[in-house]
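Below is one structure; the comments refer to it alone.
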Amino acid sequence: MLRNPAEKYRPFPAVRLTGRKWPSRTVDAAPVWMSTDLRDGNQALIEPMNAAQKLEYFEMLVAIGFKEIEVGFPSASQTDFDFVRKLIDERRIPDDVTIEVFVPSRAELIARTFDALEGAPRAIVHLYNAICPSFRRIVFQQSKDETKALAVEGTGLIKEHAQARPGTRWTFQYSPETFNTTELPFAREVCDALAQTWRPTRDHKMIVNLPASVEAATPNVFADQIEWMHRNLGYRDSIVLSVHPHNDRGTAVAAAQLALLAGADRIEGCLFGNGERTGNVDLVTVAMNLDAMGIDSGLDFSDLATIRRVAEHCTRLPVAARHPYAGQVAMRGTREARDADADVDEHGANSRDKAGECVTA
């Protein structure tokens, strides 16, 4: 801690947004939900899930009601590649569920990704590259034009691979990684260039996913950023506008809820807020908050104690006792909590023991 934080830190700049509308809006419908537990959440684990755990978690997500599930990063590991193939080859993907996979803008990794997805009935291919000034300058030493060209090139390659496989219904998703610390006009410029390459339509939309890759501002600033993009993106009627909040400042749930007011259509996150550093946005809390407002979230958390047990077993991470809705203290007195306390089988006990080891190690 610094005696004078201003020596090192400065306030995040405000968004120049006149006539902002999100403060006077109310949420009246649930967003499209997308679970990143098996990709972003899994990458964040000290010991990533094995194939059996990933399958157990996938089947739980399906039972909860998720229709879009990011199942892995198949070009990054053989484990993820094999898991995607298992879902497809064994016909484990329900007709109303679309799997999603993650890939950077590199030709050989895009080709490997499409090998993994061969024969899938429906799939979302999720392209990303970091576009903020610090990444452009320090990490990649790229100009704005070079950064945009990398994303456009990847989009073109994905389009070519998709067109060569007409048996699958392909959806394209782009994440300008580090969006929340990027100049808004440049973020729009990159997203518009990709839309011009992909050519989405109202009947077959593309997804533009705006991540708070490292939470750096208050939720109202993030809402301003989302409303600015909502107003200014080209092809807006052919785009599903998605957000991917992280919880570095402890305000991811608030940021997600304000983003819905600001024009977002979709939320990506993990159950119980798993994810890198302090986690992705907690989809359980966001969904239950909607239910508490009288809005049907479309997700079934009626057996939250069992969902918690499976998540703890597969991730080896404990859900805090005072976690909103799902913690043992929050659930005390409910039938689910009593059943959970009474049913400490070897499977569950081991998961809690290992979770405790992770915390205290």
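Keep in mind that what you see is a predicted model, and the values were worked out from it rather than measured.
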request  = Run the numbers on Asp37 and Ser35 for side-chain hydrogen bond (donor to acceptor under 3.5 Å, both in side chains), then give the verdict.
outcome  = CA-CA 6 Å; Asp37 290 84; Ser35 162; 2.6 Å; yes
Quick check: closest heavy atoms across [X] and [Y], and the distance to 0.1 Å?
X	Y	value
Ile64	Phe301	CG2-CE2, 3.8 Å
Ser143	Glu146	N-OE1, 2.8 Å
Pro176	Pro211	O-CD, 3.4 Å
Ser213	Asp248	O-OD1, 4.3 Å
Glu215	Thr251	OE2-OG1, 2.5 Å
Leu299	Ala287	CD1-CB, 4.1 Å

task = Tell me, with the steps shown, if Glu56 and Arg309 meet salt bridge (Lys or Arg N to Asp or Glu O under 4.0 Å).
result = CA-CA 12 Å; Glu56 182 179 8; Arg309 284 204 307 274; over 6 Å; no
Between [X] and [Y] (side chain of the first, backbone of the second, donor and acceptor by atom type, cut-off under 3.5 Å), is there such a pair?
X	Y	value
Asn274	Cys270	no
Gln163	Glu160	no
Arg25	Leu261	yes
Trp170	Arg165	yes
Thr278	Asn247	yes
Arg85	Ala116	yes
Thr36	Arg39	no
Ser24	Lys21	yes
Arg249	Ala216	yes
Glu312	Val319	yes

Please tell me whether [X] and [Y] have a donor and an acceptor in their side chains that are separated by less than 3.5 angstrom.
X	Y	value
Arg112	Ser75	no
Asn209	Glu268	yes
Asp300	Ser302	yes
Gln225	Asn180	no

key: Given Val101, Asp115, Thr113, the one that forms side-chain contact (heavy atoms from CB on, under 4.5 Å) with Phe81   =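 The passing option is Asp115.
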Side chain proximity check, [X] to [Y], heavy atoms < 4.5 angstrom:
X	Y	result
Leu184	Val15	yes
Leu127	Thr155	yes
Gln328	Arg308	yes
Leu117	Thr168	no
Thr171	Val125	no
Arg266	Ile207	yes
Asn129	Phe140	no
Val214	Arg277	yes

Is it the case that the ring center of [Y] lies less than 6.0 angstrom away from the ring center of [X]?
X	Y	value
Phe222	Trp22	no
Trp198	Phe172	yes
Tyr174	Tyr128	no

Could you state whether [X] and [Y] fall into the same hydrophobic cluster, counting links through intermediate Ile, Leu, Val, Met, Phe, Trp or Tyr residues with side-chain heavy atoms under 4.5 angstrom apart?
X	Y	result
Ile295	Val32	no
Ile110	Leu150	no
Met34	Ile267	no
Val240	Ile69	no
Trp33	Ile93	yes

In Å and rounded to the nearest 0.5 Å, what is the [atom1] to [atom2] distance from [X] to [Y]?
X	Y	atom1	atom2	value
Met60	Asp303	CE	CG	11.0 Å
Leu55	Arg92	CG	CZ	4.5 Å
Thr181	Phe12	OG1	CZ	6.5 Å
Asn280	His246	CG	NE2	4.0 Å
Ile307	Tyr57	CD1	OH	9.5 Å
Thr285	Gln257	OG1	CD	9.0 Å

query = Does any pair with a residue in residues 216-238 pass salt bridge (Lys or Arg N to Asp or Glu O under 4.0 Å), and if so which ones, sequence neighbours excluded?
reply =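 Counting only pairs at least two positions apart or across chains, the salt bridge (Lys or Arg N to Asp or Glu O under 4.0 Å) contacts touching residues 216-238 are Arg20-Asp224, Arg202-Asp237, Glu227-Arg231, Arg236-Asp265.
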query = After noting the C-alpha distance and the side-chain angles of Phe179 and Ile131, does the key distance pass the side-chain contact (heavy atoms from CB on, under 4.5 Å) rule?
reply = CA-CA 7 Å; Phe179 157 78; Ile131 68 169; 5.7 Å; no
task = Kindly assign one of parallel, tilted or perpendicular to the pair His126 and Phe102, based on the angle between their ring planes and the thresholds 30° and 60°.
result = perpendicular
message = Let's go through Leu271 and Thr315 carefully: what are the C-alpha distance in whole Å and the side-chain angles of both, what is the deciding distance for side-chain contact (heavy atoms from CB on, under 4.5 Å) to 0.1 Å, and is it a yes or a no?
response = CA-CA 11 Å; Leu271 301 186; Thr315 65; over 6 Å; no
query = Should the heavy atoms of other residues, nucleotides or ligands under 6.0 Å from CZ of Arg122 be counted, would the total exceed 12?
reply = yes
task = In sequence, state the C-alpha distance, the side-chain angles, and the governing distance for Asp40 and His244, and then conclude on side-chain contact (heavy atoms from CB on, under 4.5 Å).
result = CA-CA 11 Å; Asp40 200 348; His244 184 116; 2.9 Å; yes
Listing, residues 185-197 side-chain donor-acceptor contacts under 3.5 Å, not counting sequence neighbours, or none:
| unit_1 | atom_1 | unit_2 | atom_2 | d |
| --- | --- | --- | --- | --- |
| Glu189 | OE2 | Lys148 | NZ | 2.8 |
| Asp192 | OD1 | Gly234 | N | 2.9 |
| Thr197 | OG1 | Ala193 | O | 3.0 |

ask   = Passes side-chain contact (heavy atoms from CB on, under 4.5 Å), Met49 versus Arg316? Steps please.
value = CA-CA 9 Å; Met49 298 182 219; Arg316 301 174 179 84; 5.7 Å; no
